[in-house]
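A note on names: the letters A, B, ... follow the listed sequences, proteins ahead of strands, and every chain is numbered from 1.
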Amino acid sequence: MPKALEVRDLVTRFYTLDGVVNAVNGVSFDLHERETLAIVGESGSGKSVTMMSLLGLIPSPPGKVEQGEAFFYGASGRRDLLQMSPEELRDVRGGQIGFVFQDPISTLNPILTIGEQISETLTRHRGLTRDEARDQALELLAQVGIPDPKLRYKNYPFQFSGGMRQRVVIAIAISCTPRVVIADEPTTALDVTVQAQIVDLFRRLREMLGVAVIWITHDLGVVAGIADRVLVMYGGRPAEIALVDDLYEHPQHPYTHGLLGALPRLDARESRRLVSIKGTPPDLLLPMKHCPFAWRCEYAHDRCWEEIPALTPVGVRHQVACFYDLEAHAPRQSASEGGPSNGRE
Amino acid sequence: MSIALKEALVQRYFLSKVIQSIVLLFGVLLLVFVMVRITGDPAALMMPREASQEHVEAFREKMGFNDPVMVQFGRFISGAIVGDFGNSLHFKTPAMPLVLQRLPATVQLALAGLVMAVVVGVPLGLVGGFNPGSLVDSLGRFLALLGQSVPNFWLALILILYFAVRLRWFPSFGRDELKSVVLPAFVMGLPVMGQIVRLTRSAVLEIRGEDFIRTAHSKGLEPRTIYTKHVLRNVAIPLVSVIGVQFGYMLGGSIYIEIIFSWPGMGQLLEQAIGWRDFPLVQALAVFTSLVVLGLNLLTDMAYAVIDPRIRYG
């Protein structure tokens, strides 16, 4: 399957008054055309920062993308996003890569009409006139399931419900038929029924437009419903990447295992306490010299405290960054090289 | 929502603001009426101390202070509605025209001060907000602090000393030539400028950090479009309301500055009228100033609604 995006060894740091925050420490992944890749991890695991880094949306200062490559297979061929000029990057943003953000309440400008906020993307990237952009925007509103688009076009964000606003944000993201849509926790701020509607809408649009989707979330339940592959992140590094079914059935990283174990089950016979992973996420202010999960890992052994595990293939399109073989119940014997990438300090 | 309903809501907003203003104005009239009578005997208040008993008695009869209070109030209100506050005791002519005569000078001074505050303050605040920590930002913050903390009567005297007495660039008092307005307008505008710099700067910083600005960047919009369309319009909302309120204050509260610079405006007249115990004139001034401030607030509310749809339909 042809690739849409190829990220290699991305490193992003924030130079704050408290010290250097190592937010993203060598993240690599591929995104194929028409594929939906879910990026899963707890708060501070570097999911959002990874995506913002690719498109120059990191507030700088204090943020700085310090290393890595991000090849985007766009209209002008294979280009490294991190090497692009700000002007070129602006053409990609909104035009070839669309964004959906977490909180639809605050992501729309409160004093511009919905229609204006959709149209301005179209006039910017498509060179449409105002009238053409308007017609196009009305069509988009209908596509994302907003009733009575003609009337709604002139409305302001505060006249919409949260779910409706997220539909508008999605309309903006897909307005220029991008190759990739990055959705940063698009359902987190919505209630469960609306969540399901938004997930459905995404599935429908993905089929219709043939777009590749990166779906950032910490909700493993949503992931099962929409993703083809899953990248699990921990402490600004990839922990495991696998096809979705493979990941759910054979998690290879103790962290993934813990995450899945923490999911509440509806079919449980008797009530039991919700399971959680012991300990707290790593302090990103400290440069990491060992496996970032070692503190919380019940399988940690000497090697885990001496070096950082690299992503190693363990099956069909399945890679894991761990020195312990969960299925064999023993430390992995293979050497650490072999994974295409790894976070080197 | 239908268009008709929307328009009805917009009209309802404006109508409610107009009604509020009218109620407030009525409150002001009541206050002005009561103030003079609160000591019990308005005639004693208005007459010089050395006036004879007969004089006071005759004055009381002439002014109608012997009538029942409600009758007096009715007379006061029906006069006020047509702008009749009686004759000035000092000038022996109707009070309101005397006030109106002074209006152009006060408006000129307040307007000149406001223009200076806005023309200097808004750009300084914008540059500071977009480049916090830059040289211009430091300068703007220094000027803002200076403007807000220097007492204006002291500043007025210092300016007169240097620019009028020593350098002879501007006249030290009066309103004889166009450049007479420079010094008093500067003194009047400086604190407002300070406030505008700070407000603009913090508004720009706040709006720039909003999620919807990140959205605008994610759409690939040009930075200039983002600044003018997304940032500036949002910054304008608090700015408009502060400018409106401050202009009201400047029109009503220029007493010090008008006295120091002998500026022939309403503030100077008020000071004189109080000295003369010329209560009809004081009342006319108080009511007229309130009217101007209320009118400005109404205009501000409307400007606010034009920029911010949440107010319009909220």
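- In this structure, Tyr15(A) places its OH atom where more than 12 heavy-atom neighbours from other residues, nucleotides or ligands lie under 6.0 Å away.
- Trp215(A) places no side-chain N or O within 3.5 Å of a backbone atom of Ile39(A) that could act as its donor or acceptor partner.
- Residues His230(B) and Asn234(B) share a closest heavy-atom pair of O-ND2, 2.8 Å.
- Taking every heavy atom of both residues into account, Ala212(A) and Ala4(A) meet most closely at CB-CB, 4.4 Å.
- Counting heavy-atom pairs under 4.5 Å between each of Gly94(A), Gly56(A), Pro59(A), Ser106(A) and chain B puts Ser106(A) at the top.
- Here the closest non-hydrogen pair linking Gly248(B) and Val293(B) is O-CG2, 3.7 Å.
- Interface check for chain B: of the options Ile97(A), Ile105(A), Ile182(A), Leu57(A), the most heavy-atom pairs under 4.5 Å are formed by Leu57(A).
- Here the shortest heavy-atom pairing between Pro238(B) and Val235(B) reads CD-O, 3.1 Å.
- Residue Gln96(A) comes nearest to Phe72(A) through the heavy atom pair OE1-CE2, 3.4 Å, listed as atom of the first residue, atom of the second, then distance.
- For Asp80(A) (side chain) and Ala70(A) (main-chain N/O), a donor-acceptor pair under 3.5 Å exists by modelled atom type.
- Heavy-atom neighbours of Lys229(B) NZ from other residues, nucleotides or ligands within 6.0 Å: above the threshold of 12.
- Residues of residues 166-178 of chain A that come within less than 4.5 angstrom of chain B, heavy atom to heavy atom, are Ile172(A) in numerical order.
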- Stepwise side chain to side chain contact (heavy atoms under 4.5 Å, CB included) test for Arg152(A) and Ile114(A): CA-CA 7 Å; Arg152(A) 289 309 216 160; Ile114(A) 294 299; over 6 Å; no
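- The shortest non-hydrogen separation linking Ser21(B) to Leu294(B) is O-CD1, 3.7 Å.
- Under a 3.5 Å cut-off, the side chain of Thr113(A) and the backbone N or O of Asn155(A) do not form any donor-acceptor pair.
- One N or O on the side chain of Gln195(A) and one on the backbone of Thr187(A) form a donor-acceptor pair closer than 3.5 Å.
- Contacts between residues 207-228 of chain B and chain A, defined by a heavy-atom separation under 4.5 Å, are made by Asp211(B), Phe212(B), Arg214(B), Thr215(B), His217(B), Ser218(B), Lys219(B), Gly220(B), Leu221(B), Glu222(B), Pro223(B).
- Using non-hydrogen atoms only and a strict 4.5 Å limit, the part of residues 84-93 of chain A facing chain B consists of Arg90(A), Arg93(A).
- Side-chain atoms of Met302(B) and Leu299(B), non-hydrogen and from C-beta on, never get closer than 4.5 Å to each other.
- A side-chain contact (heavy atoms from CB on, under 4.5 Å) with Lys17(B) is found for exactly one of Asp301(B), Asn297(B), Thr300(B), namely Asp301(B).
- Distance OH/Tyr73(A) to CG/Leu5(A): 9.0 Å, rounded to 0.5 Å.
- Residues Gln148(B) and Gln195(B) have side chains that never bring a donor and an acceptor to within less than 3.5 angstrom of each other.
- For a heavy-atom cut-off of 4.5 Å, chain B lies close to Glu116(A), Gln117(A), Glu120(A), Thr121(A), Arg124(A), His125(A) in residues 116-131 of chain A.
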